Amino acid sequence: MLALAFFFQIQAADSIYASAALREFVARAARENRAPPASLMAYTATVETELALILRDSLGRELVGQIEQLAARAEWQRNGRYDLHVVGFRSQSMGAPYSALTFTRMYTVPTLYGNRLVVGMNDGLPRSRRDTVATRRAIQKDSAAGRERFRAIHPLAVDRDDYYRFTGGDTVATLFVHDRQIRLLRVSVDPIKRPASNFVAFKGELDFDADRHQLVRMRGRLVSVTSQKDPLFARSTGSVAIAYMEFENAEIDGKYWLPAFQRSEFQAQMGILGDTRPVYRIISRFRDFRISGNDSTVTLAEMDTLPRTRAKLTFATRDSVSRYGDWQENLGIASGKVTADDFDDLAPDVWRPTGKPRVDYWPRNLEDVVRYNRIEGMYTGVAAALRFRDMAPGLAARGNIGMGWESQSIRGGISVTQARGKWIHGARAERTLASTNDFLLSLETGLSIGPLFGGVDDADYMDRWTGALNTTRIFRSVDRAILTAEVAYVEDRVEFARLKNGVFGSEPFRPNRGGAPGRYARASARLEWHPRVTGESLSPGFGARLFTEAASGDLDWQRIEARLAARRYWRGVAFSTRVDAGAVFGSVLPPQVLYEIGGAHDLPSYDYKEFGGDRAALGRGLAAYYFPFLRTPLRLGRLVLPGISPGVGTGVQGGWAEASTGAARRALLALGGDGVTPLSRPTQRIRATTDVRLSFLSGAIGFGLARPIDEPGEWKPFFVWGASF
């Protein structure tokens, strides 16, 4: 009987470790990493951190909506005390009414030693009576259900065998530091789920100094291992939220492995809203370590344990924080060096390109299943996607169908894509309500639910039937360059407005502008260089886009467009600019291919699409200076507001449109109206508006005075929400 029990005990141990050698190595590593070396009593270091709020689209392009940068002095002591004292802060915002610090209490980890994980958004300590009560109730609820207390377990904890399975153990790299050769040994870690499991676990890779058994790097994600079902809201909306981490240590003074680089990334997606994925990214770099040691003061018990971390985040005086100028990197550089796709190999099943075939009933874009406009009224539909994954790697099929309540028209489409390496090939057939608006930004389609609530529908539409083949080539990464080519057979049909007013708002809807019906073959190509740099993103750098198309059939035309965008930060000054230009050619031009500009988004001093033609250009630029005071964020309970961060700036918006041929002038008349005076007209000259403004909250809001500069005019007040220019 004893022999049988011993046999089952060995089998259980073998199920935890891939080999006896790995079991021995992990046991030694756990002993070495339970507490810092006895001679390490404390350290101080400087830490520079960038926090970014990002939107990632379905192709992987990232648009940055908010950047915050913090410089801090870190002080760690062996007794568990960890103080992070912020001495410098600056930020830029596209309009977020809160600071990213709202989501995190402590954004760095002092060491990778210990039995429990202390990472990113929560330091594990209740901060108020309310938190304490909530924690107690959660513990009582888990106890009543027979589940253990919810906690984050370090993969090298003394009780690791109850929570983790270990594989690997191969040498993956060799580092040369001074006169020492360091072999890195990698161990893979996976949590074990049991009927009463209720803990947070690390899933990923551990890299060790193979000789000293010190933990050098952790890369993975946190997973909730629990017998509880996901909340009904998450299941019904397709909500997924994942916390990734990549922590790298550096050898200090030849004997201590302490933090060098830390990256925490929180990615979320609500399937019902489409493929766009919000990302919260935190990147920190530690420098200038100063070590304090005293072997004689450490007892035997203290050598083998590490007290619970007591983390504290404080700020220097507001004037001091605002004036700080010793930044190592410019705004946006740290978060721009990495992408959300870096963690694809660790992604949950719903995001992974491998695995069993998977069907999801969520749209690519929200407007595929719900939108509102004066043509269709309310539109509702359904969507589904089939990803074949391991059955046919890279192959996926999508479909959506719906109906407009007012138009009683059915629209939708099906598509098939095949991704192989840097190539993506696709085919689609669809009937869409296509917007004829020009110079749209990356996440714009011209369709949305907005007109339902705002009462304004600033777009014109065609009923478009399309069958197309396309291919996309990614150069290096989606942040470097993307080339897309397409051939299509298209039919355009004229649409008209069926609604006179929106549900909200007193302004009547405009008539839908005219177009020419017809069938045609169309070929197009689009090259994007640095897609992350656009007028709608805070990423610094230079970006460009070149687009060309040609159509032949009942409708004939050729088009070429270009976009240049740039953003730069320098000593409290932000420079940003975007220029769009295009030309369309043809002996008979259909009205829907003309350029139409004017209105709140293009030329705010002029009416909606007041100008038009076969040649057009739009340019805008902003230079703003943010004063070195009042930059420190303001904490209101759990909510952290951006610092007041006042600034002054000047902006310029300009536009030009020309009808260079008789075909263009005839097409302008065909847009609608009385047949004599066109709805849109050439500008005759460059139309431009300039402004002077005050901004607050790092550019999130602004107001000032604007006036036309192409003709005499009065200064008029304006207000903007977001870094508009």
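Values in this document were obtained by computation on a predicted structure and should not be read as measured data.
- Shown here is Arg352, whose CZ atom has more than 12 heavy atoms of other residues, nucleotides or ligands within 6.0 Å.
- Residues Ser477 and Thr339 form no side-chain contact, since every pair of their non-hydrogen atoms from C-beta on lies 4.5 Å or further apart.
- With 3.5 Å as the limit, one finds no donor-acceptor pair spanning the side chains of Ser409 and Arg431.
- Listed by chain and residue number, nothing satisfies the salt bridge (charged side-chain N to carboxylate O under 4.0 Å, His left out) test with Glu406 (two or more places apart in sequence, or in another chain).
- Across all their heavy atoms, Ile597 and Ala617 have their closest contact at CD1-O, 4.3 Å.
- Checked against a 6.0 Å centroid threshold, the rings of Phe103 and Tyr280 count as neighbours.
- Minimum heavy-atom separation, Val494 to Gly515: CG2-O, 3.4 Å.
- Arg493 and Glu491 are joined by a salt bridge, as a carboxylate oxygen and a charged side-chain nitrogen come within less than 4.0 angstrom of each other.
- In terms of heavy-atom proximity, Ala664 sits nearest to Asp614 at CB-CG, 3.6 Å.
- In the model, Ser695 has no side-chain atom that pairs as donor or acceptor with a side-chain atom of Arg693 under 3.5 Å.
- Considering all non-hydrogen atoms of both residues, Phe547 and Ser524 come closest at CE1-CB, 3.9 Å.
- Of the possible donor and acceptor atoms, one in the side chain of Asn512 sits under 3.5 Å from a partner among the backbone N and O of Glu495.
- Between the Gln418 side chain and the Pro393 main chain, a donor and an acceptor come within less than 3.5 Å of each other.
- At least one donor-acceptor pair under 3.5 Å links the side chain of Asp460 to the backbone N or O of Arg513.
- Between Arg464 and Glu430 no salt bridge is recorded (no basic side-chain N to carboxylate O distance below 4.0 Å).
- The ring-ring contact (aromatic ring centres under 6.0 Å, His included) contacts involving residues 496-543 comprise Tyr520-Trp557, where partners must be two or more places apart or lie in separate chains.
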Verdict with supporting geometry, Leu447 and Tyr379, side-chain contact (heavy atoms from CB on, under 4.5 Å) | CA-CA 11 Å; Leu447 297 169; Tyr379 172 96; over 6 Å; no

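- Without hydrogens or angle criteria, Ser537 side chain to Arg532 main chain gives a donor-acceptor distance under 3.5 Å.
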Stepwise, does the salt bridge (Lys or Arg N to Asp or Glu O under 4.0 Å) test hold for Arg522 with Asp492?
-> CA-CA 12 Å; Arg522 184 187 66 198; Asp492 279 357; over 6 Å; no

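- Under a 3.5 Å cut-off, the side chain of Arg387 and the backbone N or O of Val350 do form a donor-acceptor pair.
- Between Asn437 and Ser435, the shortest heavy-atom contact is N-OG, 3.1 Å.
- Both tests pass for Arg559 against the ring of Tyr595: distance under 6.0 Å to the centre and angle within 45° of the axis.
- The main-chain N or O of Arg510 is found under 3.5 Å from a side-chain atom of Arg374 such that the two form a donor-acceptor pair.
- For the pair Val382 and Ile401, the minimum side-chain heavy-atom distance is below 4.5 Å.
- For the pair Arg221 and Phe343, the cation does not sit on the ring face, since its NZ or CZ is not both under 6.0 Å from the ring centre and inside 45° of the axis.
- Ring orientation note: the planes of Phe703 and Phe696 are close to parallel, at an angle under 30° on the 30°/60° scale.
- A distance-only check finds a donor-acceptor pair linking the side chain of Asp57 to the backbone of Leu59 [under 3.5 Å].
- The main-chain N or O of Leu639 is never found under 3.5 Å from a side-chain atom of Tyr98 such that the two would form a donor-acceptor pair.
- Panel note: side chain Arg389, backbone Thr354; a donor-acceptor pair is recorded below 3.5 Å.
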Salt bridge (Lys or Arg N to Asp or Glu O under 4.0 Å) between Glu528 and Arg61: does it pass, once the steps are laid out?
-> CA-CA 11 Å; Glu528 297 177 77; Arg61 293 170 293 196; 2.9 Å; yes

Test side-chain contact (heavy atoms from CB on, under 4.5 Å) on Thr466 and Arg428 and set out the steps.
-> CA-CA 8 Å; Thr466 306; Arg428 76 180 196 277; 3.8 Å; yes

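- Judged by a 6.0 Å distance limit and a 45° cone about the ring axis, Arg480 is not positioned over the six-membered ring of Phe475.
- Arg420 places no side-chain N or O within 3.5 Å of a backbone atom of Gly394 that could act as its donor or acceptor partner.
- With no hydrogens or angles considered, a side-chain donor-acceptor pair links Gln269 and Trp351 at under 3.5 Å.
- With respect to the salt-bridge test (charged N to carboxylate O, under 4.0 angstrom), the residues Lys609 and Asp438 do not qualify.
- In this structure Arg281 satisfies the salt bridge (charged side-chain N to carboxylate O under 4.0 Å, His left out) test together with Glu62, Glu265, sequence neighbours excluded.
- Ion pairing of Lys356 with Asp349 is absent here, as no side-chain N (NZ or NE/NH1/NH2) approaches a carboxylate O to less than 4.0 Å.
- Closest of all the heavy-atom pairs between Gly586 and Ala663 is O-CB, 3.7 Å.
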